[in-house]
Every structure is written in C-alpha cells, then in structure tokens.
There are 2 protein chains.
Amino acid sequence: MPRSPRAVDVAKVAGVSQATVSRTFNEPDKVQPHIRQRVLAAAESLGWLPHGAGSALARRRSLIAGALIPTLANGIFATHVAALQEVFSDAGINLIVSVSNHDPAQAMRSTQAMLARGVEAITVVGEDFGDPIFDLMAARRVPYVITHGFNANSRHPTIGIDNFKTFQEITNYLLSLGHTTVGMIAPPQANNARVEARVGGVRDALAAAGLGMRPKHFIEGPWSIQFGRDSLAAILAAGSPTPTAIICGNDQIAFGVLTEARARGISIPNDLSIIGFDDDPIAQHTTPPLTSVKVDRASMGQEAALYLLARLRGEMPDLPPPMQAKLIVRGSTAPAKR
Amino acid sequence: MPRSPRAVDVAKVAGVSQATVSRTFNEPDKVQPHIRQRVLAAAESLGWLPHGAGSALARRRSLIAGALIPTLANGIFATHVAALQEVFSDAGINLIVSVSNHDPAQAMRSTQAMLARGVEAITVVGEDFGDPIFDLMAARRVPYVITHGFNANSRHPTIGIDNFKTFQEITNYLLSLGHTTVGMIAPPQANNARVEARVGGVRDALAAAGLGMRPKHFIEGPWSIQFGRDSLAAILAAGSPTPTAIICGNDQIAFGVLTEARARGISIPNDLSIIGFDDDPIAQHTTPPLTSVKVDRASMGQEAALYLLARLRGEMPDLPPPMQAKLIVRGSTAPAKR
DNA sequence: TTGTAAGCGTTATCAC
DNA sequence: GTGATAACGCTTACAA
C-alpha cells in the first residue's frame, strides 16, 4: 500500500534537496528556471501536493478562514458565504463554514471547533452572543469582523448597514405617504440585535411623529411566506383599527402578506401598503411588484473578507463606512387612503 | 508578546507530562479522574485548544471534509451544504466549501486547494468534469461521493434521484393528461450531465408516445424568474403550434412563466399547463399553485455525508438506493384542451 | 543559488 | 496509569 508522496520523494526524483522543492512552490524566483522545471515535473509525475498540516505547522499559517453564520437555510447568508468564499479563494485561502442556529452555546462550540482547526481569521454574523466568543478569538489573536450591521458604538469591528437608521428611513417614507397606523412583521428579536435595531428604528420614527405601534400590529416569527400570510390574518383578526401599511422583515414575509391580501380581496396598495426587505428577485415579479430595500450583500461579504485579508497582512485597516441601503419603490406602497 | 499556549504549557501547569494532556482530550478514560480534572482546569485557565496542524500531522487526520458545488447562489446547493455541514459537524468534522462555477478548470483548482488543505473526504455535485478530478482524489485515497444524481452505470459512487427516469415520469404525467405539444425550459446542459439526463428523459418519454419536441419549444438558459418570462415570450413569438404544457427546470423559471402568462391573459392551467421542479416554498403560494416535483435535498446531503463518514471509519458501505422524487400536483396543470 | 538541519505542536509507541 | 521519545511533512535560518 503506497503512501502519499512527500516533498522528499519529489526531491529525490528531481535530484535536488527538499528545501528546493519547497522553494519551487513558495518562492519560485529563488530557484533557477531549469531546476524549477525539473521539480515541477517530478511533482507532477508523483501527483504531489503540499501537505496542509505539515506546511501549516512550519509556516504558522493554515490558509484557512472561518465564517460563523446563523444558518445556511436563509438565502441571504448563502449569498454572504458565496462572497466571502470568492474573495478568500482568490487569496489562496479556504473557507470553513459553521453555523450557530441562533444558539449562543452552538455558536461557542462552532467557534472553538474552527479555532481548533487553526483558522486564521473569522467573520461572524452579528454580535448577538456576547463577549465570550470574541474574547476567545482575541486571546488567540485571530482577527475577526462582525457583519450584517454597522455599529459605531461597538467595541468590535463591524461592517454593514445601520439597521436602526435604515428602518427609521423606511418608516419615515411611510409617514410621508400619510400612513399613521403602521404594523410590522419581523423575525424573532431574541439573539438577534440586528432585528432589534430594526424594530427600534421603526418605533423611534413613529414616536418622533407622535405615533406608536399597537402591540397587536407587531408580530414576530419565522421568515417564511406562510408566516407572512398567517400574520396578516392575525392582524386583521385583531379587529379595527387596521394598519394601512405593514413593514415586513424580508421579502418572503412580504410576499406572504401580499398573497393573503389578494386571497381576501384586499387591494394592494390601495387598501394596504406593503414594504419588504432585501430586494429578493421575486420582488420585481409579484403583482403588484414589491417595494423593498436593497442591501448589497455581496459587497458586504467582500468588504469583510478584504478587511480580514488586510489584517492578515499585518495592517490595521480602517473599517469601511456604513453601507447604504436603498429604498426601491415599486407598486406595493401608495399614499394612505383618507 | 505572549504566544498561544501549547500542550506542554498545560502539562507544566497541571504537573503532568504532555502525553497525559493529549490523553485527557483524546482518550479520557485512560487517565485517572482527578488528574483529568487537573488537566482540564489547566487547559481552561490557559485557554488552550489543540493546535489543528500539529494534531493533524501526528494523527494523520485533518478533521476537515470538503464540498465542491457549482455555486452558492443557487438555493438548492445552499440547502445541500447546510445538510452536509450539519452531519459532519456532529461527527466533529469541519467543512470547507468551494465552488466550480460550472467551470472544469476552476473545479480542478478548487479540488487541488482542498486536497492541499488535507481534506479527508469530498462531496462533488455531479460528475461533469470528467476523470481528472476523480483520479486526483483516488490517487490520494480521499473518499468521495457524487451527489444530485443517481447513476447506476457510473464508475463512481453516486447519490440522488435518477434524473432521466424522473423526467420521463413527469412527461408521462403530462401525456396522460392528453398533452401532445410539450415544451421545456431548462438550465444549460453544458457541463451539466444532470440537466442532460432530464432533457433526455423528456425526449425519451415523448418518443415512446410517438411524439417529439419542436426545437422552438426547447429553451436553455439561466434559472431566473426573468428567464422564465422571456422564454415563454419567445415560445409564443415562435408562432403556432403553441405548446399546451411546459416543463420547467425549476420553480423560479416556472414562476416566471406563470407571471408572464398572467400578464398576457393566458389562463393557467386552462390554456397552458406548467410544471416546475424542486418544490420551492413559493410553489404553494403562486396563483394558481404550482405543480412541482419534490426532491428531498436535505436527506440527500445527509446520505452523502454519512456515506463518507462510514468510508472514513474504514467501511465499504453500500450506496443508498436511488432517491425518489415526488410529483406534487397542484393547480398549474390540467388536461389538455381538445 | 542550493543544501543542511532545526524547528513547528501534537500523537502514539514503548517502557516503566 | 503515566512519562520519554520518536515520528508526522514542511519551511526557513544558516551555511556552503
């Protein structure tokens, strides 16, 4: 049973020392062209690839980064991971993906597992799990960055939109249309400071206009289409006054509200304005098309990866400024009926 | 600048040898309880975590697996990765994700990068890139499994549905409804044997009924909603005869066709039957709801990971039988108008 | 420019 | 049950 070839085998075949094999792959210009050729040919013929553990040990670099996300079941995190993966991959770094399922204990286990695998840097979605995780990374001098929300007051580096401000703006848009009875259907706030900030933004903007949101018009739950339908049903069942506009935590929920509204003969946007979040491709194709808020998730992931790559080069780069969300007005919002 | 603690530091603090530290974490029952406690306490106080590269080198196990997928932008692959990640994670194995973008050269680079990182096992979506990749893994004795399509004739282990047979059945369902003019809108077949098999299944079933598919009724392209809309427009623009049923490569395309049909006043399913694929959550909520085909992607990923875990234990497990896709008839299909 | 040799941090074999 | 010690495969001063 032949075992995998090692650098010394390549060296033997090429008639050079092991050091030259290493140089051929890591510092090619330090070895003469013709001898480089010989080494490459030998490696090729043996099917040799550097051994990750060996080289990680000697080099003190694993060439592996980690991403901690809540779940891959949500499309926005898949997009996020795709962006990270691409940038890291271009830099010769592989990406380990691990999930928390919004559970602090699992987040901690995942982080430890990644650190035990020797990841050089980590991206974390949100700062929901408190200090232990960040202390752990800091103690091991592993650079990290928090994504999906810019927070100027955080003691950690953060990248993303200002969730509070963005939802303030969304709300102000509805206020400018004359809506005074506004509802919201949001993902759970537990272990999710981003959602908390968004809800806060809505409440703050309403309060600034001397308004409030009735408890029965605020519903928390999963981000599914079905949940959107059920939530609208629940809001209507709660009786009058009924909101004239509903802010949805994402476009799936908004699509559900739209669907339920149509099933009930409620005219959108005449009887009810609906606003989504994330500008999913589907938003353009619903009837009517959904007003939504576009966040450039891909650049957010890229920024995060580039920030960490700079840190790995030993730099202390400035954080990029907060990203700007963009309100995309389509047909699902209109002035309040008077 | 204090460097990360090593096992020997823990040993010193606990007043034991380094070997005992290792045993405490890897073979706990081989060390006396009270001394185990001491070691754990010492490790805790120093914040020590085993060093991945060191232990990978000594153990000849990286505890890392790899997944090669076309892209994370497509939700079905995100679901797939989520399932893999979960099973591997429960087994203490981290997952590196890398993508091919349907490009053989990039697939090869990604595979090499994963192997260089020492992955112990790899899942590959489809067998589109030919032998080089599989030869590479085989030469290094890295177990692998191909997902997203069961192929009894493959010389590699495969897991998934039989794509050919599944689309034969879909087509036979439409034939049983009396449809004789059937169109298809599919993702590109290039570098995608799964799509090729699906198209083959449709053509085969039609041929068995003495029918064929007109070239103008077969359209290949991306899997977006917009592409579905454009494709229906193109098929209609090609003039009579017009198909009475269209098979779509996935539910996004089907949703696009549905949307375009409504925009043109074409009644679904009376004038046109539409059938999707993947049973996306949206399929239940369109008007009318979409007939689609459900494939249990999560179990497919789990099966793949479990198969590889068994291989890593040194077993030679049987492959699971082909998975069964399930036709879910909803409101978008009906008997052909006569 | 190339070779020699000393790590890198852990695990596993072998004594005790 | 515990402790020395020799791998594990590579990189990198340092020497030639």
Side-chain angles (χ1 to χ4, degrees), chain A residues 2-40 42-43 46-64 92 113 115-120 140-141, chain B residues 2-40 42-43 46-64 92 115-120 140-142:
Chain A
R3 40 200 252 75
S4 289
R6 291 165 306 148
V8 64
D9 302 320
V10 176
K12 216 159 286 170
V13 170
V16 297
S17 76
Q18 190 178 158
T20 299
V21 173
S22 175
R23 285 193 202 98
T24 300
F25 284 82
N26 300 316
E27 311 167 292
D29 12 295
K30 286 197 178 173
V31 39
Q32 292 196 325
H34 71 279
I35 209 157
R36 193 194 307 157
Q37 293 310 323
R38 267 203 343 251
V39 172
L40 290 174
L46 291 176
W48 179 81
L49 245 41
H51 181 109
S55 92
L57 197 50
R59 215 202 286 241
R60 287 89 167 286
R61 290 209 56 181
S62 64
L63 296 182
I64 301 178
L115 291 172
R117 239 32 94 226
V119 295
E120 300 183 15
R140 303 179 69 87
R141 297 200 154 52
Chain B
R3 37 199 255 78
S4 288
R6 289 165 307 148
V8 64
D9 302 320
V10 176
K12 216 158 288 171
V13 171
V16 296
S17 76
Q18 189 177 160
T20 298
V21 174
S22 176
R23 283 193 204 98
T24 300
F25 284 83
N26 300 315
E27 311 166 293
D29 10 297
K30 285 196 179 175
V31 37
Q32 291 195 329
H34 71 279
I35 206 157
R36 193 193 309 158
Q37 293 309 326
R38 271 211 330 260
V39 172
L40 290 174
L46 292 177
W48 179 82
L49 245 40
H51 180 108
S55 96
L57 197 52
R59 216 203 287 243
R60 286 86 164 280
R61 291 209 57 179
S62 64
L63 297 181
I64 300 177
L115 290 172
R117 241 29 93 228
V119 296
E120 299 182 15
R140 303 178 69 87
R141 296 199 155 55
V142 171

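Quick caveat, the model's predicted, so the values are computed rather than measured. Residue numbering restarts at 1 for every chain, and letters A, B, ... go by the order of the sequence lines.
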N/O-N/O pairs, protein side and nucleotides 5-9 of chain D side, under 3.5 Å:
residue	atom	partner	partner atom	Å
D:dC8	O2	B:Ala58	N	3.3
D:dG9	OP1	A:Arg3	NH1	3.4
D:dG9	OP1	A:Arg3	NH2	3.2
D:dG9	OP2	A:Arg3	NH2	2.8
D:dG9	N2	A:Gly54	O	3.0

Quiz item: How far does the helix from C:dT1-D:dA16 to C:dC16-D:dG1 bend, going by the axes of its first and last five pairs, to the nearest 10°?
Solution: 30°
Exercise. Give B:Val21 one of three labels, base, sugar-phosphate or nothing, depending on what nucleic acid heavy atoms sit under 4.0 Å from its own.
Key: nothing
Quiz prompt | With A:Glu120 via side chain to side chain donor-acceptor pair (under 3.5 Å) - residues at least two apart | solution = A:Arg61
Quiz item: Can you tell if the side chain of A:Leu57 reaches within under 4.5 Å of the side chain of B:His51, non-hydrogen atoms only?
Solution: yes
Quiz item: Do B:Ser4 and A:Arg141 have side chains that get closer than 4.5 Å, going by heavy atoms?
Solution: no
Practice problem: Go through the steps to decide whether A:Arg23 and A:Val39 satisfy the test side chain to side chain contact (heavy atoms under 4.5 Å, CB included), and finish with yes or no. | Solution: CA-CA 10 Å; A:Arg23 285 193 202 98; A:Val39 172; over 6 Å; no
Self-check item: B:Pro5 to B:Leu46 - nearest heavy-atom pair and separation
Solution: CG-O, 3.4 Å
Practice problem: List for me each residue that meets side-chain contact (heavy atoms from CB on, under 4.5 Å) alongside B:Ile64, sequence neighbours excluded, and say none if there are none. | Solution: A:Ile64, A:Ile96, A:Arg117, B:Ser62, B:Ile96, B:Val119
Quiz item: Heavy atom of residues 23-38 of chain B under 4.0 Å from DNA chain C: which residues?
Solution: B:Arg23, B:Asn26
Quiz item: OP1, OP2 of C:dT1 versus side-chain N and O of A:Thr20: anything below 4.0 Å?
Solution: no
Self-check item: For B:Ala116 against A:Leu49, the heavy-atom pair lying closest together
Solution: N-CD2, 4.2 Å
Self-check item: Approximate separation, where rounding is to 0.5 Å, of A:Phe25 CZ and A:Arg36 CZ
Solution: 11.5 Å
Practice problem: Could you tell me the separation between the CG atom of B:Asp29 and the OG1 atom of B:Thr24, rounded to the nearest 0.5 Å? | Solution: 11.0 Å
Name each donor-acceptor pair under 3.5 Å that joins a side chain in residues 7-21 of chain A to protein atoms two or more places apart or in another chain, with its distance.
residue	atom	partner	partner atom	Å
A:Asp9	OD2	A:Arg6	N	2.8
A:Ser17	OG	A:Ala19	N	3.3
A:Ser17	OG	A:Thr20	N	3.4
A:Ser17	OG	A:Thr20	OG1	3.4

Practice problem: Take the protein atom CZ of A:Arg61 and the nucleotide atom P of C:dG9, then report the distance between them rounded to whole Å. | Solution: 16 Å
